[in-house]
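Because only heavy atoms are used, hydrogens play no part in the values below, and waters and symmetry mates are left out as well, while side chains stay in.
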Amino acid sequence: MTDATLEPIALPAGADEWLAFAGDRADAHLDRAEALIASLKGDPSSDALALLRRFDEAEFALASALHAAELISESHPLEAVREAAEARIERGSAIATGISIDRELWQVFDAADVSGLDDGAARRYEDLMRDFRRGGVALEEAQRERVRLLHERDTELGLTFSRNIRDGKREIRVRQERLAGLPQD
């Protein structure tokens, strides 16, 4: 049995197709991540392993969207395609931040019966609960909102920084005689 998510990605051939690829493909993964998180909260199971598997699927979908969007936003020659990818980075980052401060989701995992987990799954569970704590899930509502705003600002600044590096046109002028002894290239 093969997993379609592990198949090589067929890249678009034409410029027009890239815009849809940068948007639609990422949106499909982000929608899947949101649906999986909603299913965890809407139909919580006491089976910790089943919860972890669904959560890992959501994280995989989120990462699939973000990694591709980050690559496209940095490397595609068309500005419209880069902008579409950046919009997906903003959306994906907001989803990731929302997960880290989502009390309802945290409570689902906190209530799970972890007694039957093997060592690997128990460690994954402990790491996830640690990540919730580090993300600020235990903070009061106003503080969690502040965390969300800080993450949003961090994403915005990161994209601006990347744009400045990518689009920067730094050059220096040197008289030809000062280049004597250097290779032609």
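- Judged by distance alone, the side chain of Ser100 and the main-chain N or O of Thr97 form a donor-acceptor pair under 3.5 Å.
- Remark: Arg166 CZ is packed, more than 12 non-hydrogen atoms of other residues, nucleotides or ligands lying under 6.0 Å away.
- Under the 4.5 Å side-chain heavy-atom criterion for ILVMFWY residues, a single connected hydrophobic cluster contains both Val174 and Leu182.
- A salt bridge is absent between Arg123 and Glu126: the closest approach of a Lys/Arg side-chain nitrogen to an acidic carboxylate oxygen does not fall below 4.0 angstrom.
- For the atom pair CG (Asp24) and CZ (Arg88), the distance works out to 7.5 Å, reported to the nearest 0.5 Å.
- Inter-residue side-chain proximity for Leu62 and Leu30 is flagged as met; some heavy-atom pair is nearer than 4.5 Å.
- Glu156 contributes atom CD, which lies 12.0 Å from atom OG of Ser93 (distance to the nearest 0.5 angstrom).
- Atom CG in Asn164 sits 10.5 Å away from atom CG in Leu157 (nearest 0.5 Å).
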Determine, stepwise, if the pair Val147 / His151 fulfils side chain to side chain contact (heavy atoms under 4.5 Å, CB included). CA-CA 6 Å; Val147 167; His151 278 280; 3.5 Å; yes
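- Glu141 has its side chain out of reach of Arg103: every pair of non-hydrogen atoms, C-beta onward, lies at least 4.5 Å apart.
- The environment of Asp119 atom CG is sparse: at most 12 non-hydrogen atoms of other residues, nucleotides or ligands sit within 6.0 angstrom.
- Scanning both residues, Ala85 and Ala22, for their nearest heavy atoms gives N-CB, 4.4 Å.
- Counted within 6.0 Å of CD on Gln184, heavy atoms from surrounding residues, nucleotides or ligands total 12 or fewer; the atom is thus considered open.
- Remark: Arg130 engages Asp127 in a salt bridge, criterion side-chain N to carboxylate O under 4.0 Å.
- The existence of a salt bridge linking Glu152 and Arg146 is excluded, since no basic side-chain nitrogen approaches an acidic carboxylate oxygen closer than 4.0 Å.
- Partners of Asp167 under the salt bridge (Lys or Arg N to Asp or Glu O under 4.0 Å) rule, at least two apart in sequence or in another chain, do not exist in this structure.
- At a threshold of 4.5 Å between non-hydrogen side-chain atoms, the residues Ile72 and Arg82 do not count as touching.
- Counting all heavy atoms, side chain and backbone alike, Leu49 lies closest to Leu117 at N-CD2, 3.7 Å.
- Within the structure, the side-chain hydrogen bond (donor to acceptor under 3.5 Å, both in side chains) test picks out no pair touching residues 8-21 (sequence neighbours left out).
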Criterion side chain to side chain contact (heavy atoms under 4.5 Å, CB included) on Leu19 and Leu78, from CA distance to verdict: CA-CA 9 Å; Leu19 191 56; Leu78 297 177; over 6 Å; no
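- Between Ile89 and Ser73, the closest side-chain pair of non-hydrogen atoms falls below 4.5 Å.
- Closest approach of Ser115 and Asp113 over heavy atoms only: OG-OD1, 2.8 Å.
- In this structure, Phe109 and Phe55 have perpendicular ring planes: the angle between them is above 60°, well past the 30° mark.
- Between Asp102 and Arg144 no salt bridge is recorded (no basic side-chain N to carboxylate O distance below 4.0 Å).
- The shortest distance between side-chain heavy atoms of Trp106 and Met129 falls below 4.5 Å.
- Cluster membership for Leu105 and Leu36, using ILVMFWY side-chain heavy atoms within less than 4.5 angstrom, is not shared.
- Summarising the geometry of Phe21 relative to Ala10, their closest heavy-atom pair is CE1-O, 3.9 Å, with the distance given to 0.1 Å.
- In this structure, CD on Glu57 lies 10.5 Å from CD1 on Ile37, to the nearest 0.5 angstrom.
- Within the 4.5 Å cutoff, the side chain of Glu70 has no heavy atoms near those of the Leu159 side chain.
- In this structure, the side chains of Arg163 and Thr160 come closer than 4.5 Å at one or more pairs of heavy atoms.
- Checking Ser162 against Glu74 by side-chain atom types alone, a donor-acceptor pair falls below 3.5 Å.
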In sequence, state the C-alpha distance, the side-chain angles, and the governing distance for Glu59 and Arg32, and then conclude on salt bridge (charged side-chain N to carboxylate O under 4.0 Å, His left out). CA-CA 10 Å; Glu59 281 197 324; Arg32 176 154 172 72; over 6 Å; no
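- When every heavy atom of Leu52 is checked against every heavy atom of Ala121, the shortest pair comes out as CD1-O, 3.6 Å.
- Side-chain heavy atoms closer than 4.5 Å link hydrophobic residues (I, L, V, M, F, W, Y) into clusters, and following such links, even through other members, never connects Phe60 to Ile99.
- Every residue two or more places apart in sequence or in another chain that forms a salt bridge (Lys or Arg N to Asp or Glu O under 4.0 Å) with Arg173 is listed here: Glu171.
- Using a 4.5 Å heavy-atom threshold, the side chains of Glu34 and Arg91 count as touching.
- We find the CG-CD distance between Leu40 and Glu104 to be 10.5 Å, quoted to the nearest 0.5 Å.
- Here the CG atom belonging to Asp47 is positioned 9.5 Å from the CZ atom belonging to Arg54, to the nearest 0.5 angstrom.
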